[in-house]
Amino acid sequence: MSAINEFLLKHNLRIAQNPCVSPDFCLDWPALQADLRAGKACEYVKSRFATKAGEFTLWENAAGDCAWKHHAAGSPLADGVVIGDATFFPATFANLLTLKNFIQEHDAGSTIFPTAGAKLGRSTLGVGARFTTLHWPAVEWAMSALEIGLTANQNSIPRELVYDVDAMLGNRLDAVPFPFIGTNVPEGHQGQSVEGMSHGCVLSKLKTGFHRRRIAWSFNADHQPIGGKFDVREDALVKGCLLASYITFDLSPELALNQKADVASIPADVVAKTRARVAAAGLKLDDAAFNALLATVWTPMQKMKRRDDKYAAARRAAFTTEVGRTYLRELSIDELPGLTTPETTAIMLALCEVLGMPVNFVAPAFGFQKNTPYPDNAALRKLIEAQWNVCKQFGVSIGFHSGSGKSAENYQVMGEVTGSALEIKTSGRYTYEMGVALSQSKNSADAALWRDWYQFTVDMAVAGSFSTDATEQKMARVFVTTSLEACGKPTDVFASPAACRAALEALPPSAEHMTFFEYNFLYVLAAGGKPEKAALGDHSPAGYQQRARFYAVSPEARLLFAKRIAAYLIFLAENTGLASKERCAAASKLLAGYATLDAMLNDISR
């Protein structure tokens, strides 16, 4: 048994209440065998799928452990046992990889696993999982109802997901700076592992029967850090992201070192081809500016190429089909200082082409703030047009990072200028939507969770407002005053912590307050739910017991949450032009009619 599975079983952290921590979806195979023999496991009838080795269905017991039932002769997976007239196999990560090859060798058009197919490399919405996995069924419903594929699973790795569960158990995870709370939080602050999420998002599609719709979807390993301190563990990052069908390359760790290359040492043919490609895109280059940018990005780009080669090699080694090996690329350049110029975008895209790693998306900096509409649509249109005039020459779509919380008009501008050749990356929105759902639920346990969660954000805001860390104090006071202003309350509340607390606690608890939006995601893995910096991102049993509270929410809260997630995706799809107004209207009408979560989920497979 693996160390992570031993840890989870020892502390009774079972998949049903704490999914996607282990790469495996079966922690206790002997116990699951006993349940299968005793008739204490259920079959997901809609999960049935064909492979070159025969058909399979997914089974699960009350603890959340899963098994594959093989509806044919033979033993194509590992650790099988005969129960009755069939052979069952544990849902291990190793068996999942084998199944991927069996499925895609049999049917290259299968949509059980994430792929780079259909329009996913041109037009998509990035659905971040900054919180839990509870939003997945709603995303599947939205894709089915709108008949469009989305980036249905998206996470920053290793910032949000645990990149290596053994490193986690060995207390070797690095820390991530969060200036707005004045401290560092351990990597993987959501608690789940990248391999666990890779596994879980596939099983979710089978449980709901989404795979029957044959709508392609993708999994984005977002903000993959290139260079800097990440050089020493890039092989582990590559290994963890094996099932991702879309990689975002973040050059900022290497750029932060500010180690400029000698332009004379760059191969002459690379320089010449890059110049020619930029000129062909219609831009005139200033020699000094071109050489300065080339000197700045050359080493990071070489490291991006090295990492890209490793992603490709890992897929060639693990997967047997072209569809199984292909992945999308995004170059994130919004970390470079200031607003991104068209010239910078052109040079970076040209370098990607010249180095043999053309990208599908590029993410320039537009000056977006999370969860805040862009204030000037005319100015936004000009910014996007300047970038789009370059991107369309390279056949590249624009990735809009920090895409949550923009106005309908903002999204319309993005869609109109690019012809919907875009990706809107959203993440924090879905944590907010859970807050709204819990606040509206009539279930007493949901109400208690909402009360505790909201109070956590108030406590964090008050503590931050009087922090000795200048950045933390400044940001916390912005969150506090913005929340008060929105409710028409006085903002001169910083005479003392008690005065600040009294002002915030006088507001009606609401997920709309900026104080809630900014601090809410930190609660999911806060040991004991404590608003203390030392408790945040806690990978001990205490942190995971806290996380389990969210997986215990009522069916009422789950329905409210699912409907809000789906409504938001419909809103985005309509305003960006990814789906027609007529289809969005029909989906909204269907969504409004659901009285139970089961009814909503039953419609996913049609």
Side-chain angles (χ1 to χ4, degrees), residues 15 19-23 25 93 96-97 100 110-121 124-144 146 148-163 188-208 210-211 213 215-224 237 240-248 311 324 326-330 360-361 399 401 403-404 423-431 433-434 521 524 551 561-562 565-566 568-569 572 604:
I15 294 171
C20 302
V21 182
S22 169
F25 259 72
F93 193 74
L96 184 74
L97 297 182
K100 175 175 175 173
S110 169
T111 57
I112 294 173
F113 283 83
T115 68
K119 296 181 179 179
L120 291 166
T124 185
L125 302 175
V127 185
R130 195 179 175 191
F131 173 50
T132 66
T133 64
L134 293 168
H135 65 300
W136 280 343
V139 180
E140 290 151 20
W141 183 92
M143 289 192 290
S144 178
L146 296 173
I148 59 173
L150 302 176
T151 305
N153 193 42
Q154 177 180 288
N155 279 101
S156 296
I157 305 160
R159 184 172 65 199
E160 295 173 347
L161 297 186
V162 174
Y163 80 99
H189 62 257
Q190 296 177 0
Q192 52 256 35
S193 70
V194 58
E195 290 169 318
M197 289 287 279
S198 301
H199 201 156
C201 65
V202 170
L203 299 194
S204 181
K205 309 295 179 294
L206 291 170
K207 290 178 180 180
T208 61
F210 173 78
H211 65 296
R213 301 285 286 116
I215 297 171
W217 59 284
S218 65
F219 169 20
N220 175 215
D222 198 9
H223 284 289
Q224 285 288 279
L237 291 169
C241 297
L242 185 61
L243 284 176
S245 60
Y246 172 11
I247 306 292
T248 295
Y311 287 128
T326 302
Y327 57 96
L328 304 171
R329 300 182 186 91
E330 178 184 47
N360 304 88
F361 297 93
H401 290 198
S404 292
E423 178 185 34
I424 309 294
K425 289 205 172 185
T426 61
S427 183
R429 178 77 187 201
Y430 309 107
T431 321
E433 296 291 5
M434 177 58 84
F521 73 98
V524 69
Y551 286 96
F561 181 55
I565 294 292
Y568 186 63
L569 293 174
L572 290 175
I604 292 173

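Only heavy atoms go into these numbers, but all of them, side chains included; no hydrogens, no water, no symmetry mates.
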What is the minimum heavy-atom distance between [X] and [Y], and which atoms define it?
X      : Y      : answer
Val202 : Phe113 : CG2-CD2, 3.8 Å
Leu146 : Leu569 : CD1-O, 4.3 Å
Phe93  : Ser198 : CE1-CB, 4.5 Å
Val139 : Ala152 : CG1-CB, 3.9 Å
Asn153 : Cys201 : ND2-SG, 4.0 Å
Trp141 : Ala566 : CE3-CB, 3.6 Å

**Prompt:** Any cation-pi pair here, Arg329 with Tyr246, using under 6.0 Å and within 45°?
**Reply:**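 That pair does not qualify as a cation-pi contact.
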
**Ring-face cation of Lys205 near Trp136 (centre distance under 6.0 Å, axis angle within 45°)** =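 Cation-pi check for Lys205 and Trp136: passes.
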
**Message:** Assess, by modelled atom type and distance only, whether the side chains of His135 and Glu140 contain a donor and an acceptor separated by less than 3.5 Å.
**Reply:** no

**Message:** Whether the Gln190 and Asn155 side chains hold a donor-acceptor pair (N or O, under 3.5 Å, no angle test) is what I'd like checked.
**Reply:**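 Side-chain D/A pair, Gln190 to Asn155: present.
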
**Message:** Run Leu328 and Leu120 through side chain to side chain contact (heavy atoms under 4.5 Å, CB included) and show every step you take.
**Reply:** CA-CA 8 Å; Leu328 304 171; Leu120 291 166; 4.2 Å; yes

**Asked** Is the shortest heavy-atom distance from the side chain of Ile215 to the side chain of Ile148 under 4.5 Å?
**Response**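 Not in contact.
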
Distance in Å, [X] [atom1] paired with [Y] [atom2], rounded so as to fall on 0.5 Å steps:
X      : Y      : atom1 : atom2 : result
Leu243 : His199 : CG    : NE2   : 9.0 Å
Phe131 : Glu433 : CZ    : CD    : 11.5 Å
Cys20  : Leu203 : SG    : CG    : 8.0 Å
Phe521 : Thr431 : CZ    : OG1   : 8.5 Å
Ser110 : Lys100 : OG    : NZ    : 10.5 Å
Glu423 : Leu125 : CD    : CG    : 8.0 Å

**Tyr430/Phe561 aromatic ring centres below 6.0 Å** = no

**Request:** With side chain to side chain contact (heavy atoms under 4.5 Å, CB included) as the test, would you mind laying out the steps for Val127 and Gln154 before giving the verdict?
**Result:** CA-CA 6 Å; Val127 185; Gln154 177 180 288; 5.8 Å; no

**Item:** Partner of Lys425 by side-chain hydrogen bond (donor to acceptor under 3.5 Å, both in side chains), out of Thr248, Thr151, Thr124
**Value:** Thr248

Output yes when a side-chain donor or acceptor of [X] lies under 3.5 Å from a complementary backbone atom of [Y], and no otherwise.
X      : Y      : value
Ser245 : Phe219 : yes
Tyr551 : Thr133 : yes
Trp217 : Thr115 : no
Thr426 : Arg429 : no
His211 : Thr111 : no
Ser427 : Gly128 : no

**Item:** Evaluation steps, side chain to side chain contact (heavy atoms under 4.5 Å, CB included), between Thr132 and Val524
**Value:** CA-CA 8 Å; Thr132 66; Val524 69; 4.2 Å; yes

**Message:** Tell me which one of His223, His189, Met197, Gln192 satisfies side-chain contact (heavy atoms from CB on, under 4.5 Å) with Glu160.
**Reply:** His189

**Message:** Could you go through Ile157 and Cys241, starting from their C-alpha distance and side-chain angles, then the distance that decides it, and tell me whether this counts as side chain to side chain contact (heavy atoms under 4.5 Å, CB included)?
**Reply:** CA-CA 9 Å; Ile157 305 160; Cys241 297; 3.9 Å; yes

